[in-house]
Amino acid sequence: MTEITGIHHITAICGDARQNLEFYSRVLGMRLVKKSVNQDDPTTYHLFYADADGHPGTDLTFFPFQSSPPGRLGIGLGVEIALAIRTGTLEYWQARLSEHGVEMAAIETRRGDRALPVVDPHGQHLALVETSDARAFTPWRESSVPADKQIVGLHAVRAWERDLPLTATFLTNVLGFSDYGEEGGWHRYGVDGGGSGKHIELREQPNVPRGMWGVGTMHHVAWRVADVETELAVRARIDAAHRRPTDVIDRFWFKSVYFLEPGGVLFELATEGPGFAVDEDPAHLGEQLVLPPWLEAQRSAIEAALPPLGAAHRP
Ligand code: ZN
């Protein structure tokens with residue numbers, strides 16, 4: 001079972017859309033590759049940040065729910081999103097984030113890789129983790145961060161669980177993950193060797209209350225599959241394990257299946273294609289509000305309801 005090849009994207013809930021754009025585009029230097037709306041609530045933006053080409057595995061997306069209360073970290077919730085940077089660039093990032101007044105903790109070492117825990121302006125816990133693993137990454141020429149120091153993709157997700165074996169068994173027996181053991185209380189499960197962009201780390205926290213979605217929390221992690229045929233094969237096993245996966249939903253840039261892992265973290269399967277260039281010129285990704293075809297008829301009403309965002313920040 002090697003259908004899942006890594007993380008496809010991660011989605012989180014944030015506050016004010018402009019502050020989110022300011023942080024991820026200007027401070028972290030990621031490219032806004034798609035400016036769209038929440039397909040289930042078109043009065044809310046859906047912002048996608050990635051590398052220059054929007055490679056699967058580089059994409060971090062946000063729903064700005066400005067009026068939502070802050071979320072609460074807890075079991076059954078992703079508690080940290082790790083972003084991959086190149087080995088030897090952590091001091092650059094530490095200085096850069098310090099200049100921008102970003103909340104940070106001390107550098108730590110995770111399985112030999114240096115990691116810098118960071119909190120974004122809306123309370124989202126992130127970590128910048130150095131890696132030398134091969135990554136599919138295209139630097140963005142117009143980024144405020146030099147090409148050799150840019151974020152090269154999503155590195156990992158960390159989640160808290162009440163019952164570790166319950167989720168671990170599901171990951172290994174149903175989704176085809178391997179167990180890469182424990183370090184510092186974090187148990188790593190991964191696919192294809194479990195390197196950068198290919199793992200999740202779980203910590204058992206039996207006495208912590210259930211986490212709650214809200215501003216500053218991860219919403220879901222999507223796992224990457226090559227195509228719909230592969231997606232359906234994995235979906236059939238999820239269904240057989242009574243995790244009640246959704247049908248395949250057309251997200252236009254990819255096709256998705258959603259389900260809760262047994263501990264409560266929302267997972268998604270997402271296909272590699274067709275990708276973000278299906279509806280925009282690759283040179284101008286993210287510059288215009290893009291709507292899926294079935295919302296196009298409501299464009300003027302949708303645009304009138306969204307707060308102005310302005311252009312993505314350039315250096
Ligand atoms: Zn998703």
Side-chain angles (χ1 to χ4, degrees), residues 3-14 17 20 24 30-42 44-51 54-65 68 71 76-83 124 126 153-159 171 175 191 197-200 211 213-228 230-232 234-235 238 243-261 263-279 285-286 290-292 294-295:
E3 296 106 327
I4 292 174
T5 55
I7 297 171
H8 182 288
H9 66 268
I10 293 173
T11 296
I13 301 166
C14 67
N20 179 261
Y24 287 91
M30 299 173 80
R31 182 178 189 188
L32 181 70
V33 293
K34 196 64 66 180
K35 181 165 60 175
S36 190
V37 292
N38 182 334
Q39 292 183 14
D40 303 313
D41 171 16
T44 302
Y45 279 114
H46 192 182
L47 304 177
F48 299 69
Y49 304 94
D51 73 342
H55 277 108
T58 67
D59 178 26
L60 179 57
T61 94
F62 289 91
F63 297 132
F65 287 131
S68 165
L77 196 75
V79 296
E80 184 196 86
I81 299 165
L83 304 171
Q124 175 66 54
L126 307 170
L154 300 165
H155 183 73
V157 159
R158 283 183 158 182
L171 286 172
L175 297 185
V191 293
K198 298 179 177 180
H199 65 272
I200 182 169
W213 279 337
V215 170
T217 64
M218 192 184 99
H219 188 266
H220 64 268
V221 53
W223 301 100
R224 174 179 176 180
V225 290
D227 49 34
V228 173
T230 312
E231 187 165 67
L232 287 171
V234 181
R235 186 191 177 282
I238 297 165
R243 296 313 314 162
R244 296 187 293 175
T246 64
D247 290 332
V248 174
I249 297 172
D250 189 355
R251 292 307 191 193
F252 200 53
W253 308 292
F254 38 83
K255 291 189 165 49
S256 300
V257 168
Y258 299 85
F259 57 101
L260 296 172
E261 57 83 17
V265 181
L266 182 59
F267 278 10
E268 174 184 346
L269 302 174
T271 56
E272 286 184 15
F276 294 120
V278 71
D279 53 4
L285 293 176
V290 170
L291 298 174
W294 57 91
L295 289 176

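Every number for a ligand or one of its atoms is a count from 1 in the order of the listing. Hydrogens, waters and symmetry mates play no part in the numbers below; they use all other heavy atoms, side chains included. Computed from a predicted model, the values in this text were never measured in an experiment.
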Checking the side chain of E261 only, and the main-chain atoms of G263 only, is there a donor and an acceptor separated by less than 3.5 Å? yes

Name, closest N/O/S atom of E268 to the Zn ion (ligand 1): OE1

So, applying ring pair (Phe, Tyr, Trp, His ring centres under 6.0 Å) with H8, which one of F48, F254, F267 is it? F254

Got a salt bridge between K35 and D279, using NZ or NE/NH1/NH2 to carboxylate O under 4.0 Å? no

State whether H9 contributes an N/O/S atom found under 2.8 Å from the Zn ion (ligand 1). yes

N/O/S from H220 sitting under 2.8 Å away from the Zn ion (ligand 1): yes

Working note: F62 + H46, criterion ring pair (Phe, Tyr, Trp, His ring centres under 6.0 Å); need CA distance, chi angles, decisive distance, verdict. CA-CA 6 Å; F62 289 91; H46 192 182; 9.1 Å; no

